[in-house]
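Scroll down for the structure; my scribbles are underneath it.
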Amino acid sequence: MFESFLYNFFRGRIWKWLVGSISAMVALFLLGKELLGLSIIKSVGLGILVLLIAFIVSFIRYLVTNTSRSSAYGDAIVFLKDGFGLINHLKRENSNSNEDIIDSLVQICNTLKKVFDRLTKADCSVSIKLPILNEPISSDAIVENVCRDFSHYLVRNTAEYKKQVHRVNGSTAYQVIINNVLNGERSNFYYLNNNVPKTENYQTTSKPAYLEGILPYKSELVYPVLPMTEPKEKREDGKIKYEIWGFICVDCPLTYKFNNRYHVQIIEGVADGVFDVIMKINKSRTL
């Protein structure tokens, strides 16, 4: 835990602001001399004291934040339990009603939003994308947004957004996931980007839908819709034949809000939970 704090402290804004450059460091250590008329030695000592105070205050804040975060994960368990209520009911009733299916998926989006809002302390958006054809997703497939959390539905699902053709090969997130799935890297099936604006060659087909191509999010976490259990069928090269039937997308307007430990496991569990429901959509398309 302390190692994690040190890592975040020395790459954080406070450290960079105080001693992130030679000029900043000189200004800090000569602060006492210029403002208080202290000797060089005492001025340097004052600078060291300021650093020490900043270190202690940051560590206390880190402890408080992580204690709160533990409580947030407890809340996440409760939210997910309640959110899966409609999904489980749908499975028990064996309903193929499109309205019931979409209602259950919207509830999952709303639930995931509550979970990640609580974990990130930000206004996250959640959506589920499915292929327009009743077949597993490939690199040249087209996907559509079938549902989104209620609070972002009108804001994101604009007429301009619906005009866009969302091809998988036009999205960095989808391409990375497909490549990882093809390579059978189960632990890397997800796509996590904590600083989208600073990512070189980042692609998404959604950009034209927003003013000046500025995306409404800066972090994103995407996971493919597939079961957690490994399929028995294998490809010609001997690797397990995974099939992707959609994507669950979570994004955030702030940078560095997702982690590849618990956050990925949460969305992976949800992807497994909604798999059967999404296959009902495919069945209804066939019928």
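Heavy atoms only: backbone and side chains are in, while hydrogens, waters and symmetry mates are out. Along the sequence shown, residues are numbered consecutively beginning with 1.
- A salt bridge links Lys113 and Asp123; the closest N-O separation between the charged side-chain nitrogens and carboxylate oxygens is under 4.0 Å.
- Counting non-hydrogen atoms of other residues, nucleotides and ligands closer than 6.0 Å to CG of Leu36 gives a total above 12.
- The OG1 atom of Thr120 sits 6.0 Å away from atom CG of Asp117, with the distance rounded to the nearest 0.5 Å.
- The residues Glu220 and Lys257 are annotated as not salt-bridged, no charged nitrogen and carboxylate oxygen being separated by less than 4.0 angstrom.
- Between Asn180 and Tyr190 the shortest heavy-atom distance is ND2-O, 4.1 Å.
- How far NE2 of His263 is from CZ of Arg261: 11.0 Å, rounded to the nearest 0.5 Å.
- Transitive grouping of hydrophobic side chains (ILVMFWY, heavy atoms separated by less than 4.5 Å) brings Tyr242 and Phe275 into a common cluster.
- A continuous path of Ile, Leu, Val, Met, Phe, Trp and Tyr side chains, each step under 4.5 Å between heavy atoms, connects Ile132 with Val165, placing both in one hydrophobic cluster.
- Here the shortest heavy-atom pairing between Val277 and Ser104 reads CG1-OG, 3.7 Å.
- A donor-acceptor contact shorter than 3.5 Å links the side chain of Asn110 to the backbone of Phe150.
- Residue Lys114 holds its NZ atom at 12.5 Å from CG of Leu119, rounded to the nearest 0.5 Å.
- In this structure, Asp272 contributes its side chain and Met228 its backbone to a donor-acceptor pair below 3.5 Å.
- Of the possible polar contacts, one joining the Thr111 side chain to the Gln107 backbone as a donor-acceptor pair under 3.5 Å is found.
- Side-chain contact, Thr199 with Asn193: a donor N or O sits under 3.5 Å from an acceptor N or O.
- In this structure, Glu144 and Lys129 have side chains that are not in contact, with every pair of non-hydrogen atoms separated by 4.5 Å or more.
- The closest side-chain heavy-atom distance from Thr172 to Thr204 is not below 4.5 Å.
- Side chains of Ile248 and Val274 form a contact here, defined as non-hydrogen atoms less than 4.5 Å apart.
- Panel note: side chain Ser171, backbone Val168; no donor-acceptor pair is recorded below 3.5 Å.
- Summarising the local packing, OH of Tyr202 is surrounded by more than 12 heavy atoms from other residues, nucleotides or ligands at distances under 6.0 Å.
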task = Walk me through it: do Asn195 and Tyr256 pass the test side-chain contact (heavy atoms from CB on, under 4.5 Å)?
result = CA-CA 6 Å; Asn195 198 339; Tyr256 296 99; 3.8 Å; yes

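- With rounding to the nearest 0.5 Å, the separation of CD1 in Ile278 from CG in Leu130 is 5.0 Å.
- In this structure, Lys218 places its NZ atom where only 12 or fewer heavy-atom neighbours from other residues, nucleotides or ligands lie under 6.0 Å away.
- For the pair Leu112/Val270, a side-chain contact is recorded, criterion being any heavy-atom separation below 4.5 Å from C-beta on.
- Using a distance-only test at 3.5 Å, with no hydrogens or angles considered, no donor-acceptor pair links the side chain of Ser43 to the main chain of Leu38.
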inquiry  = Could you go through Ile266 and Val115, starting from their C-alpha distance and side-chain angles, then the distance that decides it, and tell me whether this counts as side-chain contact (heavy atoms from CB on, under 4.5 Å)?
reply    = CA-CA 9 Å; Ile266 288 172; Val115 168; 4.3 Å; yes

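- A single hydrophobic cluster is seen to contain both Leu105 and Met279, as judged by linkage of ILVMFWY side chains at heavy-atom distances under 4.5 Å, directly or through other members.
- The side-chain heavy atoms of Asn134 and Trp245, taken from C-beta on, include a pair separated by under 4.5 Å.
- Taking 4.5 Å as the limit, some side-chain heavy atom of Arg235 sits within range of a side-chain heavy atom of Lys241.
- Within the 3.5 Å criterion, the main-chain N or O of Thr255 finds no donor-acceptor partner in the side chain of Asn194.
- Hydrophobic clustering of Ile, Leu, Val, Met, Phe, Trp and Tyr side chains at less than 4.5 Å, counting indirect connections, unites Ile177 with Ile240.
- When all heavy atoms are compared, the tightest approach of Pro224 to Phe189 is CD-O, 3.3 Å.
- Between the CD1 atom in Ile142 and the CG atom in Asn169 there is a gap of 9.0 Å [rounded to 0.5 Å].
- Among all heavy-atom pairs drawn from Pro216 and Arg156, the shortest one is CG-NE, 3.4 Å.
- Between Tyr174 and Phe247, the gap from one ring centroid to the other is short of 6.0 Å.
- Asp149 contributes no side-chain N or O that, together with a main-chain N or O of Cys109, makes up a donor-acceptor pair within less than 3.5 Å.
- Taking hydrophobic clusters as Ile, Leu, Val, Met, Phe, Trp and Tyr residues chained together by side-chain heavy-atom distances below 4.5 Å, Val143 does not share a cluster with Tyr153.
- Residues Phe258 and Val250 meet the side-chain proximity criterion, which asks for heavy atoms closer than 4.5 Å.
- Taking 4.5 Å as the limit, some side-chain heavy atom of Cys147 sits within range of a side-chain heavy atom of Val106.
- When all heavy atoms are compared, the tightest approach of His152 to Cys124 is CE1-O, 3.1 Å.
- Nearest heavy atoms, Leu182 versus Lys239: O-CD, 3.9 Å.
- In this structure, Cys249 SG and Tyr217 OH are separated by 8.5 Å, a value rounded to the nearest 0.5 Å.
- One N or O on the side chain of Ser219 and one on the backbone of Leu254 form a donor-acceptor pair closer than 3.5 Å.
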message = Could you go through His166 and Tyr161, starting from their C-alpha distance and side-chain angles, then the distance that decides it, and tell me whether this counts as ring-ring contact (aromatic ring centres under 6.0 Å, His included)?
response = CA-CA 9 Å; His166 301 287; Tyr161 178 86; 4.7 Å; yes

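- A distance-only check finds a donor-acceptor pair linking the side chain of Asn259 to the backbone of Tyr262 [under 3.5 Å].
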Lys207 and Thr205: CA distance, side-chain angles, deciding distance, side chain to side chain donor-acceptor pair (under 3.5 Å) verdict = CA-CA 6 Å; Lys207 275 188 178 181; Thr205 53; over 6 Å; no

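- Crowding of Arg167 atom CZ: a count of heavy atoms from other residues, nucleotides or ligands under 6.0 Å not exceeding 12.
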